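Input: a single structure, listed below in C-alpha cells.
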Protein chains: 2
Amino acid sequence: MAPPTGALLERGTSLKIGQSPRTKCPPPFLSKTYDILEEEEEAIANGQRIVSWNYEGNGFVVWNPAEFSEVMLPRYFKHNNFSSFVRQLNTYGFKKTASKRWEFQHDKFRRGYRHLLHEITRKKCEPSAFPAYLKASEEHKSTTLEGNARVLMEENKNLRRERLELQMQLAHFKTLEIKLLECLSQCISSHGHQRKIPRLC
Amino acid sequence: MAPPTGALLERGTSLKIGQSPRTKCPPPFLSKTYDILEEEEEAIANGQRIVSWNYEGNGFVVWNPAEFSEVMLPRYFKHNNFSSFVRQLNTYGFKKTASKRWEFQHDKFRRGYRHLLHEITRKKCEPSAFPAYLKASEEHKSTTLEGNARVLMEENKNLRRERLELQMQLAHFKTLEIKLLECLSQCISSHGHQRKIPRLC
DNA sequence: GGTTCTAGAACC
DNA sequence: GGTTCTAGAACC
C-alpha cells in the first residue's frame, strides 16, 4: 500500500515526546513506537538496522532485539526490557506475524498512516460486561456452575406446578362451599330453624 | 551456604549434554541450566560475566541477557529466546528475586547441590481438578454467578411460602366441607328427602 | 517436555 | 496507562 501524499509532511508534524497533548492523541506507547520507526529510517542507511517498517509498510521488524532493548527502548520508554515492549504490543492487539523474526503487525499501524493510531485501542477493556472468567464459566456452565442453578430451577418448576394444583383444588372447594351453603340455606329456609345444626364457621 | 564436600567431584560426574540418562535424571532444562552455571564459572575470570550463581549460591543472575540469549542459549537449547528461557524457569517454579537484575531462585536450585534438581517439578500439573477458570469464578461467585442462584432461591422461598398458605386454606375448606356435609346430612335426615336440594358434586 | 505467542494480575 | 512477573494454551 502506498503512503498518502502527505506522508512526508506528517513526519514533521508528528507529536514529539514530552509535548503536551492539546488534542485527542493516541496512547503514548503507540506514538512512541511510530516515532521510533520514523526516526530510524535515517539511521538505517549508515549501519545495520535495529528496527524498521516491514517491506509492505503494514508492520515492523525488530531486527536486533538486544540492540533495540539496550539502545532504543530507554530512549523512548522507562525501561530496557524487550518483553515489556512485547507485552504492550499485545495489549494493543498487535500480532507477531513471523516465526523467525520479531515482526509485528496491526491493521491500524501502517507506514505513513499516523492518523490511524488513535483507532488502536487497548484490548483490556473490551469485554468489560463479560470478562474472561465469565467466558470460561460460560463454557462450563452445563457442568459445574449451572448445576446448582439447574437444581433450583427444577425445584422451582415443581413448586409452580404444586401451586397451580393447590389453587385448582382451592377453587373447587370454594365452589363446593358456595353450593353447600346454598343447599343448606334452602334446606333450612324450607323447614325453619333447627337447633341441631352446628355452627359452620 | 557452603557447598558440600563433594562439590568439586560432583562437577566431574555431572551429566553431560547428549549423555544417555541411565538413571532417573532431572528434566533436561534444569540440568542444562545448572551446566551453564557450572561451566561459566571458569569463563568468568577472563572477561565480564554473562551469567553466574548469585553470591549466596541459592540462585543465579543473568548479568547480560543479550549476550546470554545470543551465545549461551543456542549452545544448550533449541532457541535463542530469552523469554522462552524465563517461561521455562516459571514452569519449574523459579521466582525472579530482584527487581533490577535478572536473578532467579528456587529452593532446590543451589550451587553444589545438583542432586536436588530432581526434586524440582513442573508447576503445570498441580490443580488439575480445580483449574484457574474455576478459581476465578469461585472468587466471583457472590457477585455475578451466584446472582442467578440467589434470585432463584428467593423465588423458591416465596413459592414454598405460597404453597404452605394454600395448603392451610385447603385444609380449612376440607374441614368446612365436612362440617357442611354433616350439617346438611342432619338437616335432610331430620326432614326427609327434598327435591329442591341440588346435586353437590 | 520444550518453545512460542499472548494474556492475567499486581503494582507503579 | 505503563511495567513487571507469571501463567495459559497451542503447537512442536
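The sequence lines fix the lettering, A, B, ..., with proteins before strands; numbering per chain opens at 1. For clarity, every value in this text was computed on a predicted model and none was experimentally measured.
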Euclidean distance, atom [atom1] of residue [X] to atom [atom2] of [N] [Å, nearest integer]:
| X | N | atom1 | atom2 | value |
| --- | --- | --- | --- | --- |
| A/R122 | C/dA9 | CZ | P | 14 Å |
| A/R101 | C/dT4 | CZ | P | 15 Å |
| A/F29 | D/dT3 | CZ | C1' | 11 Å |
| B/F82 | C/dC5 | CZ | C1' | 17 Å |
| A/F94 | C/dT6 | CZ | P | 12 Å |
| A/W102 | C/dC5 | CH2 | C1' | 9 Å |
| B/N81 | C/dT3 | CG | C1' | 8 Å |
| A/R87 | C/dG8 | CZ | C1' | 7 Å |

Looking only at side-chain N and O atoms, does [Y] offer a donor or acceptor that is under 3.5 Å from a partner on [X]?
| X | Y | value |
| --- | --- | --- |
| B/E38 | B/W53 | yes |
| A/E39 | A/Y34 | no |
| B/R87 | B/S83 | no |

Quick one: label [X] by what it contacts on the DNA or RNA (base, sugar-phosphate, nothing), any heavy atom closer than 4.0 Å.
| X | value |
| --- | --- |
| B/F104 | nothing |
| A/S83 | nothing |
| B/F85 | nothing |

Side chain of [X] only, heavy atoms from C-beta on: which candidate in [options] is closest?
| X | options | result |
| --- | --- | --- |
| A/N90 | D/dT3, C/dT3, C/dT6 | C/dT6 |
| B/S84 | C/dT4, C/dG1, D/dA7 | C/dT4 |
| A/Q88 | D/dT3, C/dA7, D/dT6 | D/dT3 |
| B/P27 | D/dT3, C/dT3, C/dG2 | C/dG2 |

Using OP1 and OP2 only, check whether a side-chain N or O of [X] sits under 4.0 Å from [N].
| X | N | result |
| --- | --- | --- |
| A/H79 | D/dT4 | yes |
| B/Y92 | C/dG1 | no |
| B/K96 | D/dC5 | yes |

Legend entry - Pair B/F60 + B/F109: ring centers closer than 6.0 Å: yes

Inset, instruction - Check ring-ring contact (aromatic ring centres under 6.0 Å, His included) between B/Y92 and all other residues, then give those that pass, not counting sequence neighbours. - result: B/F29

